[in-house]
Protein chains: 2
Amino acid sequence: MSSRARGPYAKSAEQRRRILDVAQDVFGRRGSHGASLREIADLAGMSQAGVLHHFGSKTGLLMAVLEERDQASRQQADTGATWDEQAQVARSMFERAIADRGLTQLFTTVTAESIVPGHPAHDFTVARYRRTAAEFTAALTEAAPAELEPDAAPATDMEGVARLVMAAMDGLQLQALLDPDADVLGAFDILLEALPLLASRSPGSTG
Amino acid sequence: MSSRARGPYAKSAEQRRRILDVAQDVFGRRGSHGASLREIADLAGMSQAGVLHHFGSKTGLLMAVLEERDQASRQQADTGATWDEQAQVARSMFERAIADRGLTQLFTTVTAESIVPGHPAHDFTVARYRRTAAEFTAALTEAAPAELEPDAAPATDMEGVARLVMAAMDGLQLQALLDPDADVLGAFDILLEALPLLASRSPGSTG
DNA sequence: GTCTATATTAAGATAGAC
DNA sequence: GTCTATCTTAATATAGAC
């Protein structure tokens, strides 16, 4: 619908685009509760009622921002068949997140807020984490046999490894937002280099 | 001041205690913006003005909750001289966090909100992360030489290891809040078991 | 499609009685 | 120390003109 550069919907699509961009910034800086439609409207150069015309409600706008940004993020994953390639994909996704502070702040803030059931983005966030964990686990499971000893791979807790890498990314992104001087990429590399070692060890000795 | 079990301040201290407990829960569930003094007051069995009498302002109450809970958390750290003992301390801190959902939700939510400068708890959170990273790095540096090869230890990025473990704890706590079925302790153990391996490898091959 | 104006609700904080 | 009542501000959302 809105893919035409000219035509009846061109202007409207442009406005939606502008609102989505400033909304990402404001939701990231203020959180989903703290953000106000007034501030978004001011920065977008229109009235509060104008913003609501395009997205219906504040929740509608929030969901539109999240879904659009999430879809953009997903497109950069999904490649990488070998174990090392998986690590490289993870690393480049992490680098991109660190470089785009606004985007990282949006997801860090909104994800934390949406922990509680009843939050407008709760279902979205729960589904996003479940899906990411499942997809990453599957990718690791497929990639492992090609590179690791055949005996070790099946015994490895691949979902645990996937969740650990996801957690490191989230936690290090948080640290980067709190302290720009922290060498979070160096910390992430420590984990990535150890990935083959992690996968080849069987679990259980610590508990 | 308020350490007397009886006396002129006993009642007041009791009320403060009750308010702090309720406030931890509400700030955790609603976030620092979303939480209202009215809800806290209702659950504490008093009026909104009564709550403000004890803590002056909403921000004052938030800071009191954070400082008290942080102090309680810190008392369980600080022990463990060897490398394995450090891992065990981290593991038991993690287990405790997973068991106390309210406390984890409070810090996860408020930490994310306080990323932005100007948030009431911003300075508190930045200082907390800096201090934790510094202390944990120092503890690992002290513990390492006793267990690892003398040549490997100095080359290790101890702050990176410390930040990685911190990040894994934060990220896995987030996953546990979003999905109670996720085996986050298993994922954390994968990292802990690999700690000696991580420390004995020199950085640089992935970047 | 965008605006002004407004309805409605709810927040933090204060004043002053008891 | 606690209450009720109120002040002030700001939020989302709607109505209706243009």
Side-chain angles (χ1 to χ4, degrees), chain A residues 1-2 4-23 25-27 29-66 109-110 113 118-121, chain B residues 1-2 4-23 26-27 29-66 109-110 113 116 118-121:
Chain A
M1 296 216 213
S2 54
R4 296 162 61 102
R6 295 286 157 190
Y9 298 115
K11 180 92 178 293
S12 185
E14 258 176 49
Q15 293 286 55
R16 278 182 63 98
R17 193 36 309 120
R18 187 208 305 285
I19 295 168
L20 285 172
D21 286 342
V22 317
D25 172 57
V26 176
F27 278 126
R29 281 189 291 107
R30 310 271 193 222
S32 65
H33 284 113
S36 79
L37 292 175
R38 277 197 217 286
E39 182 174 4
I40 293 169
D42 285 352
L43 292 175
M46 65 192 311
S47 74
Q48 183 215 25
V51 171
L52 283 176
H53 169 75
H54 289 281
F55 294 95
S57 69
K58 185 187 183 181
T59 296
L61 175 56
L62 173 65
M63 295 311 297
V65 172
L66 293 179
T109 306
V110 174
E113 281 182 305
H119 185 282
Chain B
M1 296 215 215
S2 54
R4 297 161 60 102
R6 294 286 159 189
Y9 298 115
K11 179 92 178 292
S12 186
E14 258 176 50
Q15 293 287 55
R16 278 181 63 98
R17 192 41 303 124
R18 187 208 305 282
I19 295 168
L20 284 172
D21 287 342
V22 170
V26 177
F27 279 125
R29 280 188 291 109
R30 309 270 192 220
S32 66
H33 283 113
S36 78
L37 292 174
R38 292 194 136 81
E39 183 175 3
I40 293 169
D42 285 351
L43 292 174
M46 65 192 310
S47 73
Q48 183 216 23
V51 171
L52 283 176
H53 169 75
H54 289 281
F55 295 94
S57 69
K58 185 187 181 180
T59 296
L61 174 57
L62 174 64
M63 296 310 299
V65 172
L66 293 179
T109 306
V110 174
E113 281 182 308
V116 42
H119 186 282

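Labels below follow one simple rule: chain letters A, B, ... track the order of the sequence lines, proteins then strands, and each chain is numbered from 1.
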Sub-4.5 Å side-chain heavy-atom contact between [X] and [Y]:
{"X": "A:R18", "Y": "A:Q15", "answer": "yes"}
{"X": "A:R29", "Y": "A:E39", "answer": "yes"}
{"X": "A:F55", "Y": "A:L20", "answer": "yes"}
{"X": "B:I40", "Y": "B:K58", "answer": "no"}
{"X": "A:L37", "Y": "A:L61", "answer": "yes"}

Starting from [atom2] on [N], measure out to [atom1] on [X] and report it in whole angstrom.
{"X": "B:D42", "N": "C:dA10", "atom1": "CG", "atom2": "C1'", "result": "13 Å"}
{"X": "A:F27", "N": "D:dA11", "atom1": "CZ", "atom2": "P", "result": "13 Å"}
{"X": "A:K58", "N": "D:dA11", "atom1": "NZ", "atom2": "P", "result": "9 Å"}
{"X": "B:I40", "N": "C:dG12", "atom1": "CD1", "atom2": "P", "result": "8 Å"}
{"X": "B:L52", "N": "D:dT4", "atom1": "CG", "atom2": "P", "result": "14 Å"}
{"X": "B:L37", "N": "C:dA11", "atom1": "CG", "atom2": "C1'", "result": "9 Å"}
{"X": "B:R30", "N": "C:dG12", "atom1": "CZ", "atom2": "P", "result": "12 Å"}
{"X": "B:F55", "N": "C:dG12", "atom1": "CZ", "atom2": "C1'", "result": "16 Å"}

Watson-Crick and G-U pairing of DNA chain D written in dot-bracket, each distance under 3.5 angstrom, with | for inter-strand partners: ||||||||||||||||||
Do any N or O atoms from the side chain of A:E113 and from the backbone of A:S32 form a donor-acceptor pair under 3.5 angstrom?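 Checking the backbone N and O of A:S32 against the side chain of A:E113, a donor-acceptor pair under 3.5 Å is found.
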Please step through salt bridge (charged side-chain N to carboxylate O under 4.0 Å, His left out) for the pair B:R38 and B:D42, ending with a clear verdict. CA-CA 6 Å; B:R38 292 194 136 81; B:D42 285 351; over 6 Å; no
Dump every N/O contact between nucleotides 2-6 of chain C and the protein below 3.5 Å, one line per pair.
| residue | atom | partner | partner atom | Å |
| --- | --- | --- | --- | --- |
| C:dT2 | OP1 | A:Q15 | NE2 | 2.6 |
| C:dT2 | OP2 | A:H54 | NE2 | 2.5 |
| C:dC3 | OP2 | A:S47 | N | 2.7 |
| C:dC3 | OP2 | A:S47 | OG | 2.9 |

Residues that A:H33 engages under ring pair (Phe, Tyr, Trp, His ring centres under 6.0 Å), provided they are two or more places apart: A:H119
Search all heavy atoms of A:A121 against all heavy atoms of A:L66 and return the closest pair with its distance. CB-CD1, 3.7 Å
Just to be sure I understand the rule, does A:A35 reach a base, reach only the sugar-phosphate, or reach nothing, if contact means heavy atoms closer than 4.0 Å?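 Sugar-phosphate contact only - A:A35 comes under 4.0 Å of backbone atoms but never of a base.
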